[in-house]
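This report refers to the structure that appears directly beneath it.
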Amino acid sequence: MSLTIIKKISKAKAKLAKKFFLAIIACGTLTTSFITSANTNQKSTPSSFNTCVACHGPNGEGNSTLNAPAIAGQSESYLLRQLTHFKKGIRGAHQGDIHGATMRASIQTLNLDNDIPMLAGYIAKLPAPELSQELTGDLKNGSRYYQAKCGACHGGQAQGNEAFKAPRLSGQSTEYLQRQMQNFVKGIRGSHSEDKLGRQMAMMAKTVTEAELKDIIYFISLQK
């Protein structure tokens, strides 16, 4: 074998070894990055969220079978307020609020000063779900009724309004919206002396007829 051929073979082996070495480094970097990311996500998820997953789902998307609403996508202040209300019995204490009572009982072990603020902050960062819901209604009427009675507080596209402390309605289970409106009308929700915003909502809910509500909820279900 000539010296020239030997040199070419040596160079080829050197290049191959270099590529192999770089591949090992790249693989190691990706593995380390993946492990670091996994550890970071694990640490950033508060243990108290495990209480929510069973009913509201791993991403806070809700579960209509369990009558659990979507909680992802709501503002931190709204989540904090509602969790605090459940904890203190401002919400979920009425004998007619079966689902509220379940929610209230599930968070009694959470601390108001640490657990609940941390939980609200975490859930608020979860992306709002996109639910596929089959409804019928009059979109034109729904839009008209919604803008006249709901839009000023909850936003033109039901996106919520932090300035008015009004929650997001889009991306929410329509069964939940229907049930809460009934609760407001019947005094099951929004009747506690410490729930000022709830009392305002209860007053507005009583101005909406059943026919109007059907079209309003249909409109909300189409908002993204």
Side-chain angles (χ1 to χ4, degrees), residues 49 51-86 91-92 97-100 102-104 106-107 119-139 141-143 145-186 188-190 195 197-198 200-202 204-205 208 210 212-224:
F49 185 64
T51 306
C52 313
V53 171
C55 294
H56 296 281
N59 299 306
E61 70 277 17
N63 187 330
S64 59
T65 304
L66 299 177
N67 296 297
I71 51 178
Q74 290 292 359
S75 70
E76 183 175 352
S77 62
Y78 176 76
L79 292 166
L80 179 60
R81 184 165 62 254
Q82 295 308 309
L83 287 169
T84 300
H85 283 187
F86 277 120
R91 182 179 174 187
D97 193 0
I98 299 172
H99 304 301
T102 301
M103 177 64 195
R104 184 186 173 202
S106 71
I107 67 165
L119 184 59
Y122 174 76
I123 297 172
K125 293 176 183 176
L126 297 175
E130 292 186 9
L131 304 181
S132 177
Q133 305 181 89
E134 294 184 6
L135 292 175
T136 58
D138 188 315
L139 182 59
N141 280 341
S143 176
Y145 295 141
Y146 174 84
Q147 300 303 341
K149 300 188 177 186
C150 316
C153 290
H154 292 279
Q157 296 179 306
Q159 75 274 23
N161 189 328
E162 187 71 8
F164 289 102
K165 299 180 180 180
R168 179 189 182 100
L169 302 178
S170 61
Q172 186 57 270
S173 159
T174 54
E175 291 91 346
Y176 175 77
L177 294 175
Q178 178 82 37
R179 185 167 64 250
Q180 293 309 304
M181 283 292 286
Q182 291 175 350
N183 285 352
F184 278 121
V185 170
K186 295 177 180 178
I188 295 173
R189 183 178 175 187
D195 189 6
L197 296 172
Q200 291 175 357
M201 182 61 206
M204 284 301 302
V208 180
E210 287 187 15
E212 290 172 346
L213 181 59
K214 178 184 177 182
D215 290 337
I216 287 173
I217 290 179
Y218 178 62
F219 169 80
I220 293 172
S221 72
L222 297 178
Q223 306 309 301
K224 303 297 181 184

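For CG of Leu135, the number of neighbouring non-hydrogen atoms (other residues, nucleotides, ligands) closer than 6.0 Å is greater than 12. Sparse packing is recorded around CD of Glu130, with 12 or fewer heavy atoms of other residues, nucleotides or ligands lying under 6.0 Å away.
Atoms CG and CD1, from Leu119 and Ile71 in turn, are 7.0 Å apart once rounded to the nearest 0.5 Å. Note that CG of Leu222 is 11.0 Å distant from OG of Ser170, once rounded to the nearest 0.5 Å. Atom CD of residue Glu61 and atom CG of residue Asn63 lie 7.5 Å apart, to the nearest 0.5 angstrom. To the nearest 0.5 Å, atom SG of residue Cys153 and atom CG of residue Leu197 are 9.5 Å apart. Taking CG from Leu169 and SG from Cys150, the interatomic distance works out to 7.5 Å, rounded to the nearest 0.5 Å. Between the CZ atom in Arg81 and the CG atom in Asp195 there is a gap of 8.5 Å [rounded to 0.5 Å].
Between Tyr218 and Asp138 the shortest side-chain heavy-atom distance does not fall below 4.5 Å. By the 4.5 Å heavy-atom criterion applied to side chains, Glu175 and Asn67 are not counted as neighbours. By the 4.5 Å heavy-atom criterion applied to side chains, Phe219 and Gln147 are counted as neighbours. Between Glu210 and Leu213, every side-chain heavy-atom pair lies at or beyond the 4.5 Å cut-off. A heavy-atom distance below 4.5 Å is not found between the side chains of His56 and Ile123. The shortest side-chain heavy-atom distance between Tyr146 and Ile220 falls under the 4.5 Å cut-off. Residues Lys149 and Glu212 are in side-chain contact: their nearest non-hydrogen atoms beyond the backbone lie under 4.5 Å apart. Proximity of Gln82 to Met103: side-chain heavy atoms (C-beta onward) are nowhere separated by under 4.5 Å.
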Report task. For Gln182 and Val185, run side chain to side chain contact (heavy atoms under 4.5 Å, CB included): C-alpha distance rounded to whole Å, both residues' side-chain angles, the deciding distance at 0.1 Å, then the answer. Result -> CA-CA 5 Å; Gln182 291 175 350; Val185 170; 5.7 Å; no

Requested in this report: Decide yes or no on side chain to side chain contact (heavy atoms under 4.5 Å, CB included) for Asp97 and Arg104, but give the supporting numbers first.
Outcome: CA-CA 10 Å; Asp97 193 0; Arg104 184 186 173 202; over 6 Å; no

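Shown here for Ala205 and Phe184, the closest heavy-atom pair between the two residues is CB-CB, 3.8 Å. Heavy atoms only, all atoms of each residue included: Ala202 and Gly190 are closest at CB-O, 4.0 Å. Pairing each heavy atom of Leu79 with each of Ala120, the nearest pair is CD1-O, 3.6 Å. For the pair Ala70 and Gly171, the tightest heavy-atom approach, listed with the atom from each and the gap, is CB-O, 3.8 Å.
Looking at Ser221 and Gln133, their side chains never bring a donor and an acceptor atom within 3.5 Å of each other.
Remark: side-chain polar atoms of Tyr78 are not paired, donor with acceptor, to backbone N or O of Gly160 under 3.5 angstrom. With hydrogens and angles disregarded, a donor-acceptor distance shorter than 3.5 Å links the side chain of Gln74 to the backbone of Arg168. Ser173 places no side-chain N or O within 3.5 Å of a backbone atom of Pro69 that could act as its donor or acceptor partner. Under the 3.5 Å distance criterion, the side-chain polar atoms of Thr84 are matched with a main-chain donor or acceptor of Leu80.
Applying the side chain to side chain donor-acceptor pair (under 3.5 Å) test to every pair with at least one member in residues 153-166, sequence neighbours left out, gives these pairs: Ser75-Glu162, Ser77-Glu162.
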